[in-house]
Amino acid sequence: DCTQRPQTLTILGATGSIGASTLAVIAAHPEAFSVYALTAHSNVDAMFALCEQHRPQVVVMSDGQAAQALQQRVKNAQLSIQVSTGTDALCAVAAADDVDTVMAAIVGAAGLLPTLAAVHAGKRVLLANKEALVMSGQLFMDAVHQSGAQLLPVDSEHNAIFQALPFAVQQGAGRVSLADHGVSQILLTGSGGPFRETPLSELAAQTPQAACKHPNWSMGQKISVDSATMLNKGLEYIEARWLFNCQPNELNVVIHPQSVIHSMVQYVDGSVLAQMGQPDMRTPIAHCLSFPERIASGVAPLDFAAMGALTFNAPDAARYPCLQLAIDACWAGQAATTSLNAANEVAVAAFLQEKIQFGDIAKICQQVLDGLALPKVQSLDEILACDEEARAVAMQQMSRF
Ligand code: NAD
Ligand code: MG
């Protein structure tokens, strides 16, 4: 519709893997989208290149020195872009009046406050930052309901599930009953990661390089490690519970090594709806950007003649201890999921710096959850305190390895 003005966007985490895929889709549809703000942590070169190409009005670098360096480069290039720093600035670009849509693609807990700011401002929120939802579950969904924000899942599994759900559930913002709409089960698929067939005895000593080499997807480092432990599927299980209001018997994980089916919804009549596609995040991103319409994403069509067999099996608990930890945490309550997410972030960062072994990630998560007194965690202050406490305990545990 050429009479409509373009959709204006803030992209939180613009220099990351999701940020790049989002900007690629947007660049192919200049009449439909315009970039208001871009944010990143500290990569000045990458952000400067994005500034030249996309001409945002505002840029936020969460690292203060990076903001100063970028400011200088922008000035030298005579670009009229406002550069700022800090969490308040991140929240401001997420909530700005000039913005229709916010892509929430910061990695980890750092994304919580800016993503919540977009939600409170009633934006159309494209959620990639699963950690934000995992660490704040009920509070996040209540905020969506109260502000009338439109929450669209970018995570490929949740995007697939969203596409396969009935209209009333799509519209229900995580409040309607799945059973009332004929849904018997959500089947969350996962590839099993790079160590699906590694001998169990060799798992513990795997390197960061091996862990980050995902067989099907190209992603940021943190989520790549999470895919290797399958805590990523665990976080996604918790994410699905909140997004779609699942009961414990309505959510199951299936290993599907080819990553052609991105997840499925099973109905009481025996129907199963699956969403399929290339393992390329531009597909779910384009779906969210244009919903309820469809736009070209630049992704090649599936070639069924060349595809070969699609296989499925149940996840092996001994291989993926983090998956069960997350499923248990999901039903134990907010303190458990907030703590698990925090412990995992600390452990994954240490693993990437080669301070601990791959096998220690699950141990640290387990120990933090075991030590949990399960206090009431509801308000934002309680959530942030719980996150901080779990990080401290994880650091302590880590000093023993
Ligand atoms: P990435 O590491 O490639 O990018 C992360 C982005 O966040 C970068 O722009 C970085 O500058 C920014 N960032 C990092 N730390 C920050 C901080 N402390 N403060 C502010 N900004 C910070 O990560 P990614 O793979 O793009 O993933 C982003 C999010 O999307 C994650 O939550 C991930 O779980 C989710 N996700 C990613 C994929 C994927 O295919 N990459 C798929 C599904 C979901
Ligand atoms: Mg996913």
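One-based numbering, in listed order, for ligands and for the atoms of each. Side-chain atoms are counted along with the backbone in the values below, which use heavy atoms only and exclude waters and symmetry mates.
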Looking at M61, is its backbone amide N or carbonyl O close enough to the side chain of T85 to form a donor-acceptor pair, meaning the two atoms are under 3.5 Å apart? yes

Side chain of S399, backbone of Q396: donor and acceptor closer than 3.5 Å? yes

Looking at T338 and I383, would you say the former's side chain and the latter's main chain have a donor-acceptor pair under 3.5 Å? no

Going through the checks in order, is the side chain to side chain contact (heavy atoms under 4.5 Å, CB included) test met by E345 and E131? CA-CA 10 Å; E345 283 190 28; E131 297 92 342; 3.9 Å; yes

What about H262 and W217, are their ring centers closer than 6.0 Å? yes

What count do you get for protein N/O/S atoms less than 2.8 Å from the Mg ion (ligand 2)? 3

Check this for me: Q221, atom CD, are more than 12 non-hydrogen atoms of other residues, nucleotides or ligands nearer than 6.0 Å? no

F358-F195 aromatic ring centre distance below 6.0 Å: yes

Please output the residues near ligand 1 using a strict heavy-atom distance under 4.0 Å, listed in chain and residue-number order. G13, A14, T15, G16, S17, I18, A40, H41, S62, A105, I106, V107, A110, A128, N129, K130, E131, D155, M219, G220, I223, M281

Is the H158 to F162 ring centre distance short of 6.0 Å? no

Please evaluate residues K376 and E382 with respect to the criterion side chain to side chain contact (heavy atoms under 4.5 Å, CB included), reporting the C-alpha separation (whole Å), side-chain torsions for both, the decisive distance (0.1 Å), and the verdict. CA-CA 8 Å; K376 186 186 71 133; E382 288 164 348; 3.8 Å; yes

